[in-house]
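Note sheet for the following structure.
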Amino acid sequence: MANYPLKRLRRLRYNPLVRDMVRETILTKDDFIYPLFAVPGEKIKNPIKSMPGVFQMSIDVLVEECKEVASLGIPAVILFGIPEHKDEVGSDAYSPTGIIQQAVRAIKANVPNLLVITDVCLCEYTSHGHCGVLNGEDILNDETVSLLAKEAVSHAEAGADIIAPSDMMDGRIIAIRKALDYKGFTKIPIMSYAAKYASGFYGPFRDAAESTPAFGDRRSHQMDIANTNEAMREVESDIEEGADIVMVKPAGAYLDVIYRVKEKFGLPTAAYQVSGEFAMIKAAAQNNWIDGERVMMESLVAIKRAGADMILTYFAKDAAKYLDRTRK
Ligand code: PBG
């Protein structure tokens, strides 16, 4: 800096009130989407070992949880279902009496002031844990897309407010858009998992959703972790196909991708702080190796600073309470 000593950047840092005044990124509760896991049964609240504070819940418990989420001022939840029966083609995913369809109806009936987003994928519903219909070890794209469209329509029929396809098949956004519109659901937005990477950070989620593939992995459809130009192409095609909101996933290790997506397309952009990101912070905090609350907020502010307009995070409740307490 040539003009020191006249110029001193520390002037705006000495006083906390000044720091508040010049802060560039403000996290609010409106930014959060809270993921929840629905299981069949009653009065069930199974802790997920690798995700402290996160539970699989039966619908009665889930409804109470949603009341708490809404009362904390969090605007939205995203639902994942663990069905009673799994089969080769994930039938429960598009059954009118499937676990998600029941959960959506119950939440919409009891907690009307909460947005219900549904994750559309087959991996939680197939006996083999893959995201689509198989031919041998190959996931069939177009056959899977028809089932995903059916699943999306059945979520909308149950009352879902936003549909979020997470499967990464080609052409699923346009197929889902057309299917929704054909059934009259022209007002329901699609939040597409547009740039979803084949990430090791999903490990704890697969325990929670019981969706670990029986063989192989998801690299034939989820993106290579090394690529960002390809992410631009994925996002662009989802937008052309009719996505209203685009998502980058995971978040913390992909801030460059969030930044590029927001800069280039300017669409409402979501980022998913996934299970492994959450688990690592929780584990280090439990060991007193880091200040858990501080790192939680730092991780969320970083995701927003990179360009995310909304964050799917298992920290939503904790962060909302923190914001209430500190007012920042
Ligand atoms: C697929 C889906 C996954 C996650 C969200 N939707 C798992 C996967 O692709 O294997 C991961 C979320 C997380 O790790 O928190 N239905």
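Each residue takes its place number in the sequence, starting with 1. Start at 1 and go down the list; that is how both ligands and their atoms are numbered.
The part of Phe80 lying near ligand 1 is the side chain, judged by heavy-atom distances below 4.0 Å.
For atom 14 (O) of ligand 1, the closest non-hydrogen atom of the protein is Ser275 OG, 2.7 Å. Of all protein heavy atoms, the one lying nearest to atom 12 (C) of ligand 1 is Phe205 CD1, 3.3 Å. Residue, atom and distance of the protein heavy atom nearest to atom 16 (N) of ligand 1 are Glu124 OE2, 2.9 Å. Among all protein heavy atoms, the one lying closest to atom 11 (C) of ligand 1 is Lys249 NZ, 2.9 Å.
The atoms of ligand 1 that sit less than 4.0 Å from any heavy atom of Asp119 are 6 (N), 16 (N). Listed by atom number, the atoms of ligand 1 under 4.0 Å from Arg206 heavy atoms are 8 (C), 9 (O), 10 (O). Counting the atoms of ligand 1 from 1 in the order shown, those under 4.0 Å from a heavy atom of Arg218 are 8 (C), 9 (O), 10 (O). Within ligand 1, counting atoms from 1 as listed, the ones closer than 4.0 Å to a heavy atom of Cys121 are 16 (N). Atom numbering of ligand 1 starts at 1 in the shown order; those under 4.0 Å from a heavy atom of Ser166 are 1 (C), 2 (C), 6 (N), 16 (N). Heavy-atom contacts of Cys123 reach the following atoms of ligand 1: 1 (C), 16 (N) (cutoff under 4.0 Å).
Here Lys317 pairs with Glu65 in a salt bridge; the nearest charged N to carboxylate O distance falls below 4.0 Å. Under 4.0 Å is where a charged nitrogen must lie from a carboxylate oxygen, and between Asp20 and Arg23 at least one such pair does. Using a cut-off of 4.0 Å between Lys/Arg side-chain N and Asp/Glu carboxylate O, Glu64 and Lys45 are scored as not salt-bridged.
Of the candidates Phe205, Phe315, Tyr202, Phe278 forms a ring-ring contact (aromatic ring centres under 6.0 Å, His included) with just one, namely Phe315.
In this structure, the side chains of Ile281 and Ser299 come closer than 4.5 Å at one or more pairs of heavy atoms. Asp170 is not listed as a side-chain neighbour of His221, based on a closest heavy-atom distance of 4.5 Å or more.
Under a 4.0 Å heavy-atom criterion, Lys196 is in contact with ligand 1. Under a 4.0 angstrom heavy-atom cut-off, Tyr272 registers as being in contact with ligand 1. Residue Glu277 places no heavy atom under 4.0 Å from ligand 1.
Using bins of under 30°, 30° to 60° and over 60° for the plane-to-plane angle, the ring pair Phe37/Tyr314 lands in the parallel bin.
For Tyr94, there are no ring-ring contact (aromatic ring centres under 6.0 Å, His included) partners two or more places apart in sequence or in a different chain. Applying the side-chain contact (heavy atoms from CB on, under 4.5 Å) rule to Thr269 yields the partners Val246, Val261, Lys262, Asp309; only residues at least two apart in sequence or on another chain are considered.
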